[in-house]
Protein chains: 4
Amino acid sequence: MKNFQELKKQAYQANMQLPALGLVLFTFGNVSAADQQDRVFAIKPSGVPYDQLREADMVIVDFDGNVVEGSLRPSSDTKTHAVLYSHWPEISGIVHTHSTYATSWAQAQLDIPIFGTTHADHLTSDIPCAPPMSDEMIEGNYEHETGHQILSHFSQHNLDYREVEMVLVGNHAPFTWGKSAEKAVYNSAVLESVAKMALLTRQINPAAPRLKDALIRKHFERKHGPDSYYGQ
Amino acid sequence: MKNFQELKKQAYQANMQLPALGLVLFTFGNVSAADQQDRVFAIKPSGVPYDQLREADMVIVDFDGNVVEGSLRPSSDTKTHAVLYSHWPEISGIVHTHSTYATSWAQAQLDIPIFGTTHADHLTSDIPCAPPMSDEMIEGNYEHETGHQILSHFSQHNLDYREVEMVLVGNHAPFTWGKSAEKAVYNSAVLESVAKMALLTRQINPAAPRLKDALIRKHFERKHGPDSYYGQ
Amino acid sequence: MKNFQELKKQAYQANMQLPALGLVLFTFGNVSAADQQDRVFAIKPSGVPYDQLREADMVIVDFDGNVVEGSLRPSSDTKTHAVLYSHWPEISGIVHTHSTYATSWAQAQLDIPIFGTTHADHLTSDIPCAPPMSDEMIEGNYEHETGHQILSHFSQHNLDYREVEMVLVGNHAPFTWGKSAEKAVYNSAVLESVAKMALLTRQINPAAPRLKDALIRKHFERKHGPDSYYGQ
Amino acid sequence: MKNFQELKKQAYQANMQLPALGLVLFTFGNVSAADQQDRVFAIKPSGVPYDQLREADMVIVDFDGNVVEGSLRPSSDTKTHAVLYSHWPEISGIVHTHSTYATSWAQAQLDIPIFGTTHADHLTSDIPCAPPMSDEMIEGNYEHETGHQILSHFSQHNLDYREVEMVLVGNHAPFTWGKSAEKAVYNSAVLESVAKMALLTRQINPAAPRLKDALIRKHFERKHGPDSYYGQ
């Protein structure tokens with residue numbers, strides 16, 4: 001059995017990055033950190049203000065969404081995290097925010113077009129927006145179904161969760177993920193920045209073209225390809 | 001007779017949250033904290049800069065708008081607060097700001113459409129914009145009439161002040177309220193965030209649809225319904 | 001002869017408010033504080049970064065624009081200040097900034113329409129935009145002529161500088177003034193806020209109407225009329 | 001042989017200005033400081049977060065792009081810096097950022113029109129946007145070719161790099177330069193401010209005219225001409 005303390009520490013530190021990066025108002029966000037081998041994750045408790053949050057408050061939950069350890073109720077979005085972790089074995093961190101620009105694209109129910117290299121440094125496709133859920137899904141096990149809505153959108157559009165580490169849920173808000181909780185938070189900040197610049201780009205030039213394919217490939221590969229030369 | 005000190009403390013602390021949350025420039029805002037049993041409230045003195053404000057400066061006013069205790073003149077909007085408290089027995093806090101995005105919607109004289117779950121987490125309808133007042137109301141007892149303009153707009157549109165805790169006054173600016181001064185401040189920050197995202201949503205997609213009914217009900221009920229499961 | 005030290009102190013403190021209020025980038029702004037009896041003013045030296053500025057650096061200049069005391073060169077906009085002080089005997093402070101939203105309206109060469117009470121609390125008319133100067137004025141004594149461009153625009157449009165304490169100079173940027181340097185800085189911050197909200201109002205509702213006359217009179221008079229009841 | 005320590009210090013201090021001025025998110029930017037006589041420059045190492053960056057981490061590179069001293073890998077944009085230094089003998093500092101507004105104009109693939117004196121204080125022409133590179137250039141020695149794309153755009157449009165110290169690379173982001181790393185950072189902040197105001201100007205008035213020639217000449221000359229009178 002792995003040490004929950006390490007997961008709680010990762011989840012706590014990643015959660016505290018959200019207000020520092022300007023990605024949340026009050027309690028409108030949550031981060032989890034998972035152990036894929038033991039199929040558990042640590043997640044923020046529901047509705048606790050960031051300035052009162054303590055590492056010990058993190059709740060340990062299994063991949064079926066059951067609380068394993070912790071006295072507080074976990075985030076109301078816990079089941080969405082559980083569904084994504086159980087279907088996507090290579091991620092160990094998930095973030096949900098209502099960050100201003102990404103949420104506005106989600107409310108607009110549009111993919112964020114790839115307009116520049118800032119976007120291409122992180123993913124080679126538009127940032128997908130899953131459609132709002134059907135009434136049955138909403139009235140059923142809502143947060144569980146939110147996870148499945150994301151999964152089926154990725155499946156229908158042949159998107160690989162290891163390459164596209166972010167999604168907008170139509171009418172709702174973004175989710176991001178990654179190999180660690182820290183990476184998932186990084187992706188949320190990148191998404192917010194790309195979402196703002198995509199709106200501004202359209203406002204400056206409504207006919208702005210998408211990025212050309214050669215640039216998409218080049219920028220992604222210099223950061224992520226087998227011959228990447230970004231970073232140390 | 002209740003201790004005024006506690007009301008002053010609540011009003012002072014809530015007032016100091018306005019600049020911390022970026023909701024006011026200079027003195028353009030005020031918060032009050034009420035005791036519905038004794039029909040009095042503590043409110044910010046008029047025109048005093050936040051960085052010079054002291055708890056002892058809060059003015060105690062009754063529900064007819066008369067000063068009960070305090071050496072400074074109360075906020076120029078005091079009579080609006082008095083009217084709302086005397087007609088709405090379940091609120092104990094009111095906030096008035098000229099926050100940028102909410103005020104711009106008020107100047108545009110339009111309701112803020114419900115576009116997403118951030119909005120639905122707090123109320124199930126569009127955020128109402130009361131029309132500008134008639135010339136007689138303006139030239140009469142202006143701040144008193146502002147309160148009545150809000151009351152009659154809620155009455156005409158069958159809005160329940162316990163469910164819709166915010167309003168825009170056309171050409172003017174927002175008022176929010178709640179069970180406490182702290183909750184009313186929270187609502188002001190939520191309103192500003194929702195107001196900004198609604199504008200951005202329209203800019204991204206002028207044809208963006210309103211939130212579907214099932215999602216409106218679901219999000220509001222998970223935070224506020226009898227089976228709510230948000231928070232501790 | 002009045003003590004220059006007091007003028008320097010006022011000018012210094014008011015200048016330091018500009019970066020604190022987010023109204024300037026680098027050295028793009030200046031404030032002066034005048035003594036109308038002795039016909040001199042203290043002004044920021046040209047091109048000195050705010051974080052290196054000292055009270056002793058303020059330059060004393062007379063109303064003809066000649067340096068009276070100080071080892072540094074005064075702001076390049078000094079002659080504009082001198083012209084306004086010498087023609088408008090009731091002002092003792094002037095501010096020039098390139099603040100983002102006010103400057104954008106100046107570049108757009110449009111008056112800022114009065115859309116709401118935030119605006120009406122401070123002035124009853126649109127915020128005037130003087131047209132760009134003629135080529136002769138520009139190629140002549142440029143900063144001196146900038147002052148005259150403002151004076152003649154106020155004269156042609158029957159504007160009273162004691163009621164309208166701000167102007168946009170077309171293609172350039174705003175100037176504000178008041179009974180003190182501190183009040184002039186206050187007006188610059190109000191202008192920037194009103195300028196931003198006017199743009200947002202138009203974006204939300206391109207057909208947004210101007211504020212009705214009764215509200216314009218009411219809000220201005222409660223702050224500035226003989227029976228004003230705002231402040232202490 | 002010149003002391004590398006001084007170059008590293010200049011590069012380090014200039015790099016640390018980028019987050020302080022709000023011009024970068026995470027590691028999305030880099031500054032170099034060059035010695036034109038010895039044909040070397042100090043540049044930020046690739047992918048190192050600003051809050052962990054130390055002066056000793058700066059990498060010394062020659063004008064052919066070869067590392068001369070340093071244990072870390074230099075910025076992935078190093079070759080672009082090398083090309084510009086080797087062709088433009090009067091610059092000793094270069095900055096690359098993905099700042100929000102400048103990058104949005106680059107993504108829109110449009111020059112930034114000269115709308116006001118804030119712009120004219122720094123350059124007399126529109127801010128040029130070089131077109132996206134050809135597929136061959138992208139698939140070849142990409143960062144090297146980025147430098148040549150800038151050089152050839154300046155050459156084709158008869159732009160003088162000593163007068164126009166900034167460029168947008170279409171679909172990518174801005175580069176700025178100057179006589180020192182500090183001046184190049186200053187230019188990046190000016191560019192971001194001018195880029196934001198140009199968009200706002202168009203939003204306020206889609207028919208806003210460019211700045212008239214007499215004002216362009218006047219403002220540039222009062223800061224940069226032989227009879228300049230701005231600064232000390």
Side-chain angles (χ1 to χ4, degrees), chain A residues 22 24-29 45-49 52 57 59 71-79 96-113 129 131-140 142-143 145-146 168-173 195-196 198-200 202-203, chain B residues 17 20-23 99-101 112-122 126 178 182-183 185-225 227-232:
Chain A
V24 291
L25 174 69
F26 299 126
T27 62
F28 304 179
S46 182
V48 176
Q52 297 169 21
D57 294 336
V59 187
S71 54
L72 296 173
R73 187 189 289 182
S75 165
S76 56
D77 298 300
T78 294
K79 286 180 189 168
H96 174 52
T97 77
H98 288 228
S99 69
T100 305
Y101 287 86
T103 301
S104 297
W105 280 92
Q107 293 189 160
Q109 299 184 26
L110 292 175
D111 296 349
I112 303 178
C129 182
M133 289 183 271
S134 69
D135 287 9
E136 287 108 22
M137 289 173 85
I138 292 166
E139 283 151 16
Y142 176 58
E143 290 81 9
E145 297 289 2
T146 300
L168 310 175
V169 177
N171 270 155
H172 185 29
K196 180 170 184 177
L199 169 56
L200 295 174
R202 279 260 173 90
Q203 289 180 328
Chain B
Q17 280 298 301
L21 287 162
L23 297 172
S99 69
T100 306
Y101 286 87
I112 302 177
I114 184 167
F115 280 131
T117 60
T118 323
H119 186 137
D121 281 337
H122 298 94
D126 294 352
E182 189 185 3
K183 180 70 193 312
V185 170
Y186 170 93
N187 284 335
S188 281
V190 166
L191 166 58
E192 182 66 3
S193 173
V194 167
K196 180 171 184 177
M197 294 200 297
L199 170 55
L200 294 174
T201 299
R202 280 260 173 90
Q203 289 180 328
I204 294 167
N205 182 1
R210 290 174 83 258
L211 191 59
K212 55 195 293 187
D213 284 342
L215 267 173
I216 292 175
R217 282 196 306 276
K218 181 67 188 180
H219 267 263
F220 193 74
E221 281 165 14
R222 77 174 196 164
K223 265 205 166 174
H224 304 280
D227 302 318
S228 73
Y229 50 95
Y230 184 89
Q232 299 301 326

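Naming convention: chains lettered A, B, ... in sequence-line order (proteins, then strands); numbering from 1 in each chain. Given the structure is predicted, the values throughout are model-derived calculations rather than measurements.
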Donor-acceptor contact below 3.5 Å, side chain [X] vs main chain [Y]:
X: A/K196; Y: A/A102; result: no
X: B/N205; Y: A/A108; result: yes
X: A/H172; Y: A/L168; result: no

Measuring heavy-atom distances to chain B, does [X] have an atom under 4.5 Å in its side chain, in its backbone, in both, or in neither?
X: A/V169; value: neither
X: A/S134; value: backbone
X: A/E143; value: side chain
X: A/I138; value: both
X: A/L72; value: both

Heavy-atom distance under 4.5 Å to chain A: side chain of [X], backbone, both or neither?
X: B/T118; answer: both
X: B/L199; answer: neither
X: B/H119; answer: neither
X: B/R202; answer: neither
X: B/D213; answer: neither

**Message:** The test is side-chain contact (heavy atoms from CB on, under 4.5 Å); show your working for B/L211 and B/I114 and say whether it passes.
**Reply:** CA-CA 6 Å; B/L211 191 59; B/I114 184 167; 4.2 Å; yes
Neighbour count above 12 (heavy atom, 6.0 Å) for B/E182 CD
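No, not enclosed.
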Flag yes if more than 12 heavy atoms outside B/K218 fall under 6.0 Å of its NZ atom; otherwise flag no.
yes
Next item on the list: On the 0 to 90° scale, with breaks at 30° and 60°, tag the B/Y186-B/H122 ring pair as parallel, tilted or perpendicular.
Entry: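 Correct class here is tilted.
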